[in-house]
Amino acid sequence: MPDAFQRFDAHVHVGAWQTPDFAGHASDLADVRRVLGQAGFTGALVMPTDDGDNDGLARALAQAPDEPGGPRFLMAAWVDPHRPDDTLDFLERRGPLVRALKCHPSFARLPLTAPVYRPFLAYAREHDLPIVTHCGRWREVAGFEVALEAAAEFPQVSFVLSHMGGDGPTLVAGAAAAIRERGLDRVHLGTESIREPWVVGRAIDVLGADRLVFGSDHNLNHPASFLAVIDALGLSHGERERILGGNARTLFDPARFHANPT
Ligand SMILES: [Zn+2]
């Protein structure tokens with residue numbers, strides 16, 4: 001079995017999208033495994049789509065386990081703050097399978113600081129699970145500022161801000177600067193959907209390569225597109241390794257849960 005974190009995609013969706021924006025796009029676990037394998041990925045953090053079907057994904061992972069030589073999949077549970085009991089019930093039943101919690105304030109139309117998210121932030125703290133949270137241009141709900149407010153309130157929890165804090169040059173720069181200024185050492189930026197190498201490069205200049213985590217947002221995007229962005233940066237071998245897997249290892253590696261019992 002190759003090392004999952006040799007080349008790891010920390011943002012991958014499995015299933016069918018509900019939002020009309022994505023025109024009914026869907027892929028099953030076999031599709032996703034084939035695409036990631038062909039793109040040379042050895043591991044990924046997989047999560048449901050906006051249907052929030054944690055049980056469906058857990059079942060699919062159990063029915064079709066990782067193949068020798070293929071990518072190894074770790075699961076993030078989708079947090080639905082409108083059905084908190086469903087999500088908490090899933091965590092109660094399948095908690096050991098879960099390596100991160102995925103929050104999507106834009107789809108939920110609720111900021112991460114909303115009281116209904118608190119049990120999940122507390123769960124992440126108790127179980128040492130990173131929060132992967134969507135950040136976007138809807139500033140009052142999904143802006144990086146809101147995510148950083150939650151991060152400051154839960155300093156023991158690691159966060160990955162998807163789309164590098166907001167998917168635009170000024171938002172990414174603002175997120176990187178704010179993380180540094182506020183000394184939020186456990187906040188990372190996920191590289192999914194950033195197409196401009198210079199935007200990624202500036203964030204590395206501010207935060208260092210240790211704080212970037214490669215992601216593609218497959219099944220919506222293709223991982224090779226964003227691998228090309230990283231490769232265009234001309235990073236040192238060590239920096240590239242950390243962004244493409246080393247940093248994900250420190251966040252999601254199942255082994256670390258046994259190494260640090262709490
Ligand atoms: Zn996504």
Side-chain angles (χ1 to χ4, degrees), residues 8-29 31-33 35-36 39 41 43-54 56-57 60-61 71 73-82 87 98-112 117 120 124 129-138 141-144 146-147 150 158-168 171-172 175 187-195 199-200 212-227 229-230 243 247-248 251-252:
F8 191 86
D9 187 336
H11 191 141
V12 171
H13 298 280
V14 178
W17 288 96
Q18 308 299 302
T19 174
D21 290 351
F22 299 148
H25 182 58
S27 13
D28 64 18
L29 196 61
D31 297 331
V32 169
R33 185 172 274 133
V35 171
L36 284 160
F41 282 81
L45 184 70
V46 294
M47 57 196 80
T49 64
D50 60 346
D51 70 4
D53 187 6
N54 291 316
L57 179 56
L61 287 166
F73 288 157
L74 308 176
M75 178 173 174
W78 185 284
V79 172
D80 183 347
H82 297 288
T87 310
V98 172
R99 293 280 82 92
L101 301 182
K102 164 73 177 184
C103 300
H104 205 304
S106 293
F107 284 143
R109 309 181 74 82
L110 282 170
L112 200 55
Y117 274 115
F120 299 101
L129 294 177
I131 299 273
V132 177
T133 189
H134 173 86
C135 286
R137 299 175 193 206
W138 187 9
V141 169
F144 67 83
V146 183
S158 295
F159 284 73
V160 181
L161 273 48
S162 301
H163 314 294
M164 293 187 73
D167 201 3
L171 290 175
V172 173
V187 178
H188 301 70
L189 298 175
T191 67
E192 52 281 324
S193 77
I194 305 301
R195 287 170 293 274
V199 171
V200 180
L212 268 68
V213 178
F214 178 85
S216 72
D217 216 354
H218 185 65
N219 61 6
L220 297 168
N221 299 323
H222 194 285
S225 312
F226 299 103
L227 190 56
V229 173
I230 302 302
I243 293 170
N247 299 335
L251 291 166
F252 309 117

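Whatever order the structure lists them in is the order used to number ligands and atoms, beginning at 1.
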Report summary line: Sequence neighbours excluded, the answer for side-chain hydrogen bond (donor to acceptor under 3.5 Å, both in side chains) partners of Thr191 is none

Query raised in the report: Hey, which protein N/O/S atoms does the Zn ion (ligand 1) have under 2.8 Å?
Result: His11 NE2, His13 NE2, Asp217 OD1

Requested in this report: Using the six-membered ring wherever Trp is involved, compare the ring planes of His134 and His104 and label them parallel, tilted or perpendicular (cut-offs 30° and 60°).
Outcome: parallel

Report summary line: Taken to the nearest 0.5 Å, the spacing of Leu45 CG from His11 NE2 works out to 9.0 Å

Query raised in the report: Under 30°, 30 to 60°, or over 60°: which ring-plane class applies to Phe22 and Phe107, parallel, tilted or perpendicular?
Result: perpendicular

**Report entry** Side-chain touch Phe144/Val172, heavy atoms, less than 4.5 angstrom
**Finding:** no

Report task. State which residue, out of Asn221, Asp51, Asp50, Asp217, fulfils the side chain to side chain donor-acceptor pair (under 3.5 Å) condition with His13. Result -> Asp217

